Structures are given as structure tokens and as C-alpha cells.
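Just so it is clear, the structure is predicted and the values come from calculations on it, not from any experiment. Note: hydrogens, waters and symmetry copies are ignored here, and every other heavy atom, side chains too, is used.
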Amino acid sequence: MTTLTPTTSDEVLSTVAWAVGEETPLEIIGHGSKRGIGRPLQTEHTLDLSTLTGVTLYEPAELVLSAKAGTPLADIEKLLAENGQQLAFEPMDYGPLLGGEPGKGTIGGVLGANLSGPRRLKAGAARDHILGINVVSGRGEAFKSGGRVVKNVTGYDMSKLMANSWGTLAVFTDVTFKVLPSAETEVTLAIRGLLDDAAASAMALALGSSAEVSSAAHLPERIAARVAGGALGSDAATLLRVEGFGPSVAYRIAALKTLLGKAGPLEEIAGEASHLIWRDVRDIRPFADGSEKPVWRVSMAPFHAHQMVLTLRMQAAASAFYDWQGGLVWLRMEEGDPEAALLRGLLRKHGGGHATLVRAAPAHRAALPVFEPQPPALAALSQRLKQEFDPKNILNPGRMA
């Protein structure tokens with residue numbers, strides 16, 4: 001296998017153009033932190049963007065940042081933190097779950113996988129914050145979309161189209177994101193000891209209130225002990241995060257306590273301790289155990305999630321915890337994986353949704369559809385997009401389907 005490491009956008013263009021001319025497929029990676037997601041690739045050449053790095057524009061007053069696609073996300077987050085700013089959508093880090101080092105993801109990978117975190121309820125995902133892109137298509141052609149200011153919407157939807165494409169439509173060379181100020185104060189209210197159904201009700205009540213909860217998650221018994229170095233203990237923890245100016249946060253936390261006082265024992269967690277809990281929820285740390293036990297990412301209607309998990313457990317041993325008020329379920333299969341058809345069938349019976357296999361042995365990933373199969377009409381549209389952007393199937397062939 002040959003690894004190609006361009007350091008400029010022009011070198012990326014020439015590399016992809018060469019691959020198109022030779023009709024030789026390329027695996028596209030940054031630092032490889034998400035390499036284990038999707039079907040295993042069989043390519044002779046790898047296009048490694050880890051040396052295509054650097055922040056090219058950062059204007060804190062304008063809330064905009066541009067960077068080369070291979071720039072480590074950790075470097076960008078450090079720069080933003082020094083200026084009291086953040087990527088509000090809180091992109092997760094798959095590295096620990098997949099057995100790699102934390103902090104190795106790249107800013108291009110953030111958009112390619114459309115990453116987000118527990119704050120997605122309020123802030124959305126990467127596609128909701130992208131302003132512009134420079135890319136090289138699978139035709140070996142460079143093009144750009146969007147710009148460096150929010151008011152410039154030329155080609156804006158093209159930037160969004162590239163989100164969640166996993167390197168199968170084009171190779172990012174530069175990306176521009178909108179950034180936002182970090183919250184002055186962060187406090188998490190934890191309700192202890194709730195079962196999954198009671199937790200679903202409590203989170204729905206909190207999200208329906210005027211408290212402006214930015215994140216809501218439920219860690220069942222024993223799962224809670226696997227975050228923040230065990231600081232939560234082993235009892236189940238239903239977590240509600242409130243962010244903003246200090247007096248406002250205090251008022252909203254007090255309102256939540258009044259609203260949820262009868263739900264169970266309440267605990268306030270502030271500052272860095274709160275931040276560590278949500279970082280571990282974001283990065284699926286409860287399941288980052290170094291094993292290859294299959295882990296599924298399930299997106300579905302929040303109030304049906306605990307019912308689906310209960311039904312699944314009647315047929316297979318599984319551990320689970322819930323983010324996004326229950327709209328995101330992380331499942332670890334404890335005794336091997338059931339048929340993908342079983343899990344996806346249960347989703348259809350419980351209101352519908354999507355199930356993606358995010359960790360498994362390569363042979364297992366090669367044997368089943370890792371990403372949720374699309375309905376025929378949508379699959380046909382996706383195929384037409386692939387044909388337009390990468391007609392010779394040069395970029396990450398077979399990763400998604």
C-alpha cells in the first residue's frame with residue numbers, strides 16, 4: 001500500500017487527478033481516528049491529509065474560523081478556548097471508542113462525519129455551522145462553496161451536502177466554520193436512581209420547560225460509574241445541563257429543582273466537574289473499553305427509546321445509555337451482535353429511526369450494512385450524487401454501501 005501525503009491544496013488536486021486518470025481507488029483519511037467506521041476498504045493507495053494543516057483565518061470578532069482539512073480538532077478547540085469561544089455543536093471524538101488516542105480527529109473529519117455532541121438539542125451538528133468549503137471532487141476537479149461570512153450564502157447548501165458523506169463525494173482541503181462564545185457558567189442537575197422510563201419522562205418535562213436545558217442524558221445503573229473517573233458513583237444519573245450567564249443559570253436550575261423535586265434525589269454539579277461528565281458522554285467513554293464488542297449508534301424518537309431497548313434485551317444481552325433526551329441511544333452488545341435486521345426491525349416497530357454500527361471487528365463490518373439502508377427513492381438520489389461527484393468510484397469506494 002502506498003500512502004500519499006500532500007501538504008497543499010494543489011498537491012491534493014494533482015493526486016486525485018492522477019488517481020482518476022489511472023482509475024485507482026483512494027482511501028481518504030486525516031489521522032485515521034474514524035477509520036474503523038464503515039465497511040473496510042480494499043484500496044492500494046491512501047490519501048493521508050494529516051500534513052495538510054494550519055488555521056488560515058481566525059477573526060474572533062466576526063465569529064469565523066478557516067483551517068486546512070487535516071488540522072487537528074484539538075488544536076482548533078485550544079485556540080478557540082484561549083479566546084473564550086467554541087464550536088457550539090461540540091463535536092465528539094471517536095478515538096477512545098475505537099481504541100485510538102483522544103484528540104486525533106481533524107476539522108475535515110468533523111464535517112465529513114457531520115459530528116455533534118450532547119448540545120445537539122440546542123446547537124445542531126457540524127452541517128448547521130459550516131460556512132464554506134474548498135474540495136476536490138472524484139472527477140479530479142477543485143471547487144468551492146459558500147464563503148467566510150454568514151451573510152454569504154452562495155453555494156451554502158453544497159457545503160451542507162458534503163456533511164456526512166464520509167469522504168465518498170469529495171476530498172476537503174479547506175473548511176470555514178461559524179464559532180460562538182463559550183458559556184460563562186455551566187451547571188448540571190443530576191436526578192439519581194431513576195429507571196429508564198422515569199428518566200424519559202423527567203427529561204421530557206425538563207426540555208418542555210422554560211429552563212432552556214442545553215443537554216439531557218440518562219446513564220443507567222453502573223453505566224454512570226464509567227464517566228468522569230467514577231465521580232458520579234454507580235447509581236443511575238439523569239443529567240440536565242444548563243449554560244449561560246451566572247444569574248440566569250442559577251435561576252433556571254432553581255426552576256428545574258422545583259419542577260423535578262419529586263422525581264428523585266437531586267444533585268448539582270458545576271464547572272469543570274460538569275464539563276468532564278459531558279465530555280465522557282459525548283465521547284462514549286462508558287463503552288471505550290478496548291474491546292471489539294459491537295457498538296451501535298441509534299437515532300430515534302426520544303420517548304420510544306427505552307421501550308426499544310427493553311424489547312431488545314429480551315432477545316440479546318445489551319448495555320445502553322441515552323443522549324439527546326433519549327433521541328440518541330448508544331448500545332453495546334455484550335455477547336456478540338444480533339442480526340442487524342433484528343435491531344432495525346425493532347426500530348421500525350418503535351416509531352422508526354436509524355442504526356449505525358460504529359464499532360466491530362473488520363470481518364463483521366464487511367458482512368452487513370454498517371449504515372442504515374436508505375429507502376429506494378433516497379438510495380437512487382444518493383447514487384446519482386455519487387455519479388456526479390465521483391463517477392469512477394475513486395474516493396473511499398464501498399465505505400458506506
Sequence neighbours excluded and cut-off under 3.5 Å, please list the side-chain donor-acceptor pairs for residues 368-385, or say none.
residue, atom, partner, partner atom, Å
Glu372, OE1, Arg344, NE, 3.1
Glu372, OE1, Ala355, N, 2.8
Gln374, OE1, Ser382, OG, 2.9
Gln374, NE2, Ser382, OG, 3.2
Ser382, OG, Leu378, O, 3.1

| Partners meeting side chain to side chain contact (heavy atoms under 4.5 Å, CB included) with Pro25 (sequence neighbours left out) | Thr43, Pro397

| Ion pair Glu335/Lys293, N-O distance below 4.0 Å | no

| request: Look only at the side chain of Arg348 and the backbone of Gly353, and say whether a donor-acceptor pair between them is shorter than 3.5 Å. | output: no

Which side-chain N or O atoms in residues 245-253 pair as donor and acceptor under 3.5 Å with protein atoms at least two apart or in another chain?
residue, atom, partner, partner atom, Å
Ser248, OG, Arg252, NE, 3.0
Ser248, OG, Arg252, NH2, 3.2
Arg252, NE, Ser248, O, 3.4
Arg252, NH1, Ala211, O, 3.3
Arg252, NH1, Glu212, O, 3.3
Arg252, NH1, Glu243, O, 3.4
Arg252, NH2, Glu243, O, 2.7

| query | Is it true that His45 and Trp18 have ring centroids separated by less than 6.0 Å? | reply | yes

| query | Is it true that Asp174 and Lys144 have a side-chain N and a carboxylate O under 4.0 angstrom from each other? | reply | no

| field | Pair Lys257 + Glu268, salt bridge at N-O below 4.0 Å | value | yes

| query | Among pairs that include at least one residue of residues 180-195, which meet salt bridge (Lys or Arg N to Asp or Glu O under 4.0 Å), considering only residues two or more places apart or in two chains? | reply | Glu186-Arg241, Arg192-Glu267

| Leu195: partners by side chain to side chain contact (heavy atoms under 4.5 Å, CB included), with sequence neighbours left out | Asp197

| request: Decide, yes or no, whether a salt bridge links Glu292 with Arg359 under the criterion of side-chain N to carboxylate O below 4.0 Å. | output: no

When the side chains of residues 387-395 are checked against the rest of the protein, which donor-acceptor pairs come out under 3.5 Å, sequence neighbours left out?
residue, atom, partner, partner atom, Å
Asp390, OD1, Asn393, N, 3.4
Asp390, OD1, Ile394, N, 2.9
Asp390, OD2, Lys386, NZ, 2.7
Asp390, OD2, Ile394, N, 3.0
Asp390, OD2, Leu395, N, 2.9

| said: Can a donor-acceptor pair be found, under 3.5 Å and without considering hydrogens, that links the side chain of Asn396 to the backbone of Ile28? | reply: yes

| request: Anything under 30° is parallel, anything over 60° is perpendicular, the rest tilted; go ahead and classify Tyr94 against Trp330. | output: perpendicular

